[in-house]
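See below for the structure under consideration.
Letters A, B, ... are given to chains in the order of the sequence lines, protein chains preceding strands, and every chain is numbered from 1. From a predicted model like this one, the values you see are computed outputs, not experimental measurements.
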Number of protein chains: 2
Amino acid sequence: MPAAERFALYLSKHRLKMTRERRALLEHVLSVRGHFDVDDLLRRLGRTGHRVSRATLYRNLPVLVESGLIHKVEMARGQARYERMVGRHHHDHMVCLGCGDILEFESPEVERIQEEVCRRKRFVMTGHTHQIRGYCGSCAGDGRARGKER
Amino acid sequence: MPAAERFALYLSKHRLKMTRERRALLEHVLSVRGHFDVDDLLRRLGRTGHRVSRATLYRNLPVLVESGLIHKVEMARGQARYERMVGRHHHDHMVCLGCGDILEFESPEVERIQEEVCRRKRFVMTGHTHQIRGYCGSCAGDGRARGKER
DNA sequence: CTCTAGTTGCAACTCAGTCTCAATTATGAT
DNA sequence: ATCATAATTGAGACTGAGTTGCAACTAGAG
């Protein structure tokens, strides 16, 4: 099912309305590749003449997340980034502390173990976060690599 | 090596001083069992007559983290909690969205896979976060379980 | 077309954490 | 033991991400 349709369906199912702002947001969110944050989005929307307030963004990103179109990635110290999820499958992240770059990885093996752990502890999993921090190839090479974890 | 000594060593190595405040903080941090946040700590310190300001706590928790005595656990939306690490080994967390309880799990298997992934992507890992969110046994049982992820 | 529940922008607000600065203090050198 | 000095502290102002209250606006069911 195309993303726009899927979103419309989600909205009507929850008695939410397809406003001009949500339409603009949807369109942009689908066209970005890579990870983005609220300010990126705000800038992009501004550039194309769509006036959408910061509050509206903050109110609607969770809607997009819950409809499954995007995914929220919590970075250190409560900085949130998002990524498009349409047509992609689950993966986790490696965050470079040098250049801020985000690599992706996936491991069915880890997923399996997680489920196993939950079963054993009678825990009903609704989601998870798995992030590896460190330095990517180029940053580890030059001097920058010896940063600290806090 | 006893924790206090280890801390003293860390301090002198970094030209940091063993102040009254750091001593109080150390003592409390070692005695708490389970996870705690800055306010817990502040309350505890207050109750035992140690006056340590919030700023000082925020300044020194990273020092304790870097000396390896405690570990920082980043929760959703930038709420940080800490846990004692002396005499314990690495583990990850399952957070109950119902009661807020934190269970621990460990999997050498997952650790191994992580390292494998890093090697393959030429990524130098300095740390990681692996959290499972969901509902613990008792919360999943009663009605509370169907909460939402955002 | 009408009605109404949902939505928006704005600005004021919250909350965790950081920073500034003057006063204080631990520690290595004398 | 005393000194010199670099580190540390508390208080409160500040920051930045995100939230909220409210009056005006609007999508969409009937």
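Take the nearest nucleotide of DNA chain D for Leu16(B) and for Ser12(A): the residue whose nucleotide is more 5' is Leu16(B).
One can place CG of Leu11(B) at 13 Å from P of dA26(C), the figure rounded to the nearest angstrom. When the P atom of dG17(C) is taken as reference, atom CE of Met75(B) falls 12 Å away, rounded to whole Å. Computed from coordinates, the Arg15(A) CZ to dT4(C) C1' distance equals 13 Å when rounded to whole Å. Rounded to whole Å, the distance from NZ on Lys17(A) to P on dA27(D) is 8 Å. Atom CE of Met18(A) is separated from atom C1' of dA29(D) by 17 Å (rounded to the nearest Å). Straight-line distance from the CZ atom of Arg54(A) to the P atom of dA17(D): 8 Å, rounded to whole Å. Counting to the nearest Å, the P atom of dG18(D) and the CG atom of Leu42(A) are 12 Å from each other. Distance CG (Leu57(A)) to C1' (dT19(D)): 14 Å, rounded to an integer number of Å.
Side-chain proximity of Ser53(B) to dT18(C), dG10(D), dG9(C): nearest is dG10(D). For Thr56(B), the listed nucleotide lying nearest its side chain is dG10(D); candidates were dG28(D), dG10(D), dA7(D). Side-chain proximity of Arg59(B) to dG18(D), dA16(C), dT9(D): nearest is dT9(D). Nearest nucleotide to the side chain of Ala80(A), out of dA27(D), dG10(D), dG18(D): dG18(D). Here dG12(D) is the nucleotide among dG12(D), dG6(C), dT9(D) with the atom lying nearest to any side-chain atom of Ala55(B). Distances were taken from every side-chain heavy atom of Thr19(A) (C-beta onward) to each of dA26(C), dT8(C), dA17(D); the shortest belongs to dT8(C).
Side-chain atoms of His91(A) and His93(A) include a donor-acceptor pair closer than 3.5 Å.
Across all strands shown, Asn60(B) has heavy atoms under 4.0 Å from sugar-phosphate atoms exclusively, and none from any base.
Cys118(A) and Met94(B) make their closest contact through SG-CE, 3.7 Å (heavy atoms, listed as atom of the first residue, atom of the second, distance). Contact between Ala3(B) and Val86(B) at its shortest, heavy atoms only, is CB-CG1, 3.7 Å.
In summary, of the residues considered (Met18(A), Lys13(A), His14(A)), a side-chain contact (heavy atoms from CB on, under 4.5 Å) with Leu16(A) occurs for His14(A) alone.
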Would Glu115(B) and Arg112(B) satisfy salt bridge (Lys or Arg N to Asp or Glu O under 4.0 Å), going step by step from the backbone distance to the final call?
CA-CA 5 Å; Glu115(B) 274 160 34; Arg112(B) 197 188 53 64; over 6 Å; no
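Between Tyr58(B) and dT18(C), a side-chain N or O to OP1/OP2 separation shorter than 4.0 Å is absent.
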